[in-house]
There are 2 protein chains.
Amino acid sequence: MILIKDKQIDYFVTLLHKASLKATPTRIAVLKVLEKEHKPLSIAILQKRIGEQKIDTATVYRMMQSFQEKGIVRRVDLRHTHAHYELATRADHHHITCERCGKIEDIPWCDLAPIVKKALCQSVTFTQITDHTFELFGICRSCADEE
Amino acid sequence: MILIKDKQIDYFVTLLHKASLKATPTRIAVLKVLEKEHKPLSIAILQKRIGEQKIDTATVYRMMQSFQEKGIVRRVDLRHTHAHYELATRADHHHITCERCGKIEDIPWCDLAPIVKKALCQSVTFTQITDHTFELFGICRSCADEE
DNA sequence: AAGTAATTGCAAAAGATTTGCATTTAGAGT
DNA sequence: ACTCTAAATGCAAATCTTTTGCAATTACTT
């Protein structure tokens with residue numbers, strides 16, 4: 001019997017093992033969705049997108065927590081009442097969210113390094129900066145047209 | 001009888017009236033706390049700080065919502081499980097939050113205008129940007145020393 | 001192939017935020 | 001000052017988001 005290897009799955013398995021996490025089917029499925037959707041997803045949407053193989057909500061929450069600690073996902077605050085998560089394998093980048101319809105557009109770059117550096121230099125209390133958030137909010141073309 | 005006018009209260013009353021909001025004692029008390037604490041506060045802390053005159057939680061939530069709509073307060077996401085609010089009368093600025101102890105330091109400036117502009121120019125979907133968030137996270141000196 | 005610690009599902013709890021409704025109150029108009 | 005009305009408040013209950021305890025399952029090490 002010939003086993004056809006799936007490059008993507010291999011990659012996820014390695015990713016998980018490097019992070020000292022077990023490569024379970026559930027986790028692979030979640031990573032696949034995150035990879036495919038390519039944008040910040042809420043826990044609820046994530047759970048829906050998995051499709052057939054139902055995953056308990058608590059499991060997804062725990063997974064996002066461990067993934068975040070290991071740097072596999074990034075938590076994004078889009079001013080909704082709940083958190084969003086996206087794969088952290090991509091380069092640092094940010095988003096513009098439409099205040100009306102919630103549409104998200106990627107900003108595929110991050111020019112914040114000098115600003116972060118300046119903030120650290122001027123800070124009295126902080127010796128290191130480990131992370132930052134930067135999100136834009138606006139009105140998208142189609143929502144603007146609706147008036 | 002001589003009434004000693006309170007400049008601060010006068011200011012808050014005007015602020016509220018300009019926003020077409022009634023100047024109730026509750027609202028004045030909340031604004032006083034926000035002014036005094038001078039940093040982003042959670043609903044729970046806000047409620048505690050009011051002291052004597054107890055305010056219902058629902059009232060504070062509704063108040064923050066209307067204040068935000070009128071531009072009196074700004075909502076800040078500090079990666080806690082709940083929102084924080086601060087007076088928006090101050091110039092645009094940001095914060096560094098300690099990932100260990102939650103201490104907040106002000107960054108009293110905002111250099112993001114050119115970056116926001118660049119993002120809007122490059123955007124395909126968005127015609128205007130109305131707001132942005134920028135938060136830093138790090139480890140403060142005293143938490144770093146604890147090791 | 002067996003053993004163990006990590007992972008999962010389920011149920012329940014805890015925490016954050018919103019809503020409906022009856023009551024009170026600030027501020028406009030008289 | 002007095003009246004009136006829409007806005008604001010308190011209370012209770014509902015809803016939504018996230019966390020936790022525990023027993024059963026499973027990936028991976030030896």
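Convention: sequence-line order gives letters A, B, ...; per-chain numbering from 1. Just so it is clear, the values below take in all heavy atoms, side chains as well, and ignore hydrogens, waters and symmetry mates.
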| query | Which residues satisfy the salt bridge (Lys or Arg N to Asp or Glu O under 4.0 Å) test with Asp56(A), sequence neighbours excluded? | reply |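 With sequence neighbours excluded, Asp56(A) shows a salt bridge (Lys or Arg N to Asp or Glu O under 4.0 Å) to no residue whatsoever.
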| request: For Lys118(B), check salt bridge (Lys or Arg N to Asp or Glu O under 4.0 Å) against everything at least two apart and list the hits. | output: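 With neighbours one apart ignored, the set is Asp111(A).
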| request: Let me have a per-nucleotide readout for nucleotides 11-19 of chain D, 5' to 3', with B, S or -, counting only protein heavy atoms under 4.0 Å. | output: B-----SBB
| task | Go along nucleotides 24-30 of chain D 5' to 3' and tag each nucleotide: B for a protein heavy atom under 4.0 Å from its base, S when only backbone or sugar atoms are that close, - otherwise. | result | ---BS--
Hey, can you pull the donor-acceptor pairs under 3.5 Å for the side chains in residues 24-37 of chain B, sequence neighbours left out?
residue	atom	partner	partner atom	Å
Thr24(B)	OG1	Arg27(B)	N	3.2
Arg27(B)	NH1	Lys22(B)	O	2.9
Glu37(B)	OE2	Arg49(B)	NE	2.8

Side-chain heavy-atom pair [X], [Y] within 4.5 angstrom cut-off:
X         : Y         : answer
Phe137(B) : Arg79(B)  : yes
Pro40(B)  : Ile104(B) : yes
Lys103(A) : Ser142(A) : yes

| task | Check whether more than 12 heavy atoms from other residues, nucleotides or ligands sit under 6.0 Å from atom NE2 of His38(B), and answer yes or no. | result |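 Result for NE2/His38(B): open.
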| Side-chain (Glu105(B)) to main-chain (Thr125(A)) donor-acceptor, under 3.5 angstrom |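 Yes.
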[X]-[Y] side chain donor-acceptor pair, cut-off 3.5 Å:
X         : Y         : answer
His132(B) : Asp92(B)  : yes
Thr97(A)  : Glu135(A) : no
His95(B)  : Glu86(B)  : yes

| Using the C1' atoms of five pairs at each end, what's the angle between the two axes of the helix from dA1(C)-dT30(D) to dT30(C)-dA1(D), to 10 degrees? |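 Comparing the first five pairs with the last five, the axes sit 40° apart.
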| request: Strictly below 4.0 Å, heavy-atom distances to any atom of DNA chain D: list the hits from residues 29-39 of chain B, or just say none. | output: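 Under 4.0 Å from DNA chain D: no residue of residues 29-39 of chain B.
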| request: Provide the start and end nucleotides, 5' to 3', of the part of DNA chain C that has atoms under 4.0 Å from heavy atoms of chain B. | output: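 Contacts span dA16(C) to dG27(C), reading 5' to 3'.
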| With sugar-phosphate meaning primed atoms plus P, OP1 and OP2, does Ser66(B) contact a base, only sugar-phosphate, or nothing at under 4.0 Å between heavy atoms? |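 Nothing, no nucleic acid heavy atom in range.
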Sequence neighbours excluded and cut-off under 3.5 Å, please list the side-chain donor-acceptor pairs for residues 59-68 of chain B, or say none.
residue	atom	partner	partner atom	Å
Ser66(B)	OG	Arg62(B)	O	3.3
Ser66(B)	OG	Met63(B)	O	3.0

Donor-acceptor list for residues 12-21 of chain B side chains, cut-off 3.5 Å, not counting sequence neighbours:
residue	atom	partner	partner atom	Å
Thr14(B)	OG1	Asp10(B)	O	2.8

| query | Other than Leu120(B), what residues sit in its cluster of Ile, Leu, Val, Met, Phe, Trp and Tyr side chains whose heavy atoms are under 4.5 Å apart, directly or through others? | reply |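 Other cluster members: Ile96(A), Ile107(A), Trp109(A), Leu112(A), Ile115(A), Val116(A), Leu120(A), Phe126(A), Ile129(A), Phe134(A), Leu136(A), Ile96(B), Ile107(B), Trp109(B), Leu112(B), Ile115(B), Val116(B), Phe126(B), Ile129(B), Phe134(B), Leu136(B).
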| query | Excluding sequence neighbours, so at least two apart, what forms side chain to side chain contact (heavy atoms under 4.5 Å, CB included) with Ser42(B)? | reply |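 Counting only residues at least two positions away or on another chain, Ser42(B) forms a side chain to side chain contact (heavy atoms under 4.5 Å, CB included) with Ala44(B), Ile45(B), His82(B), His84(B).
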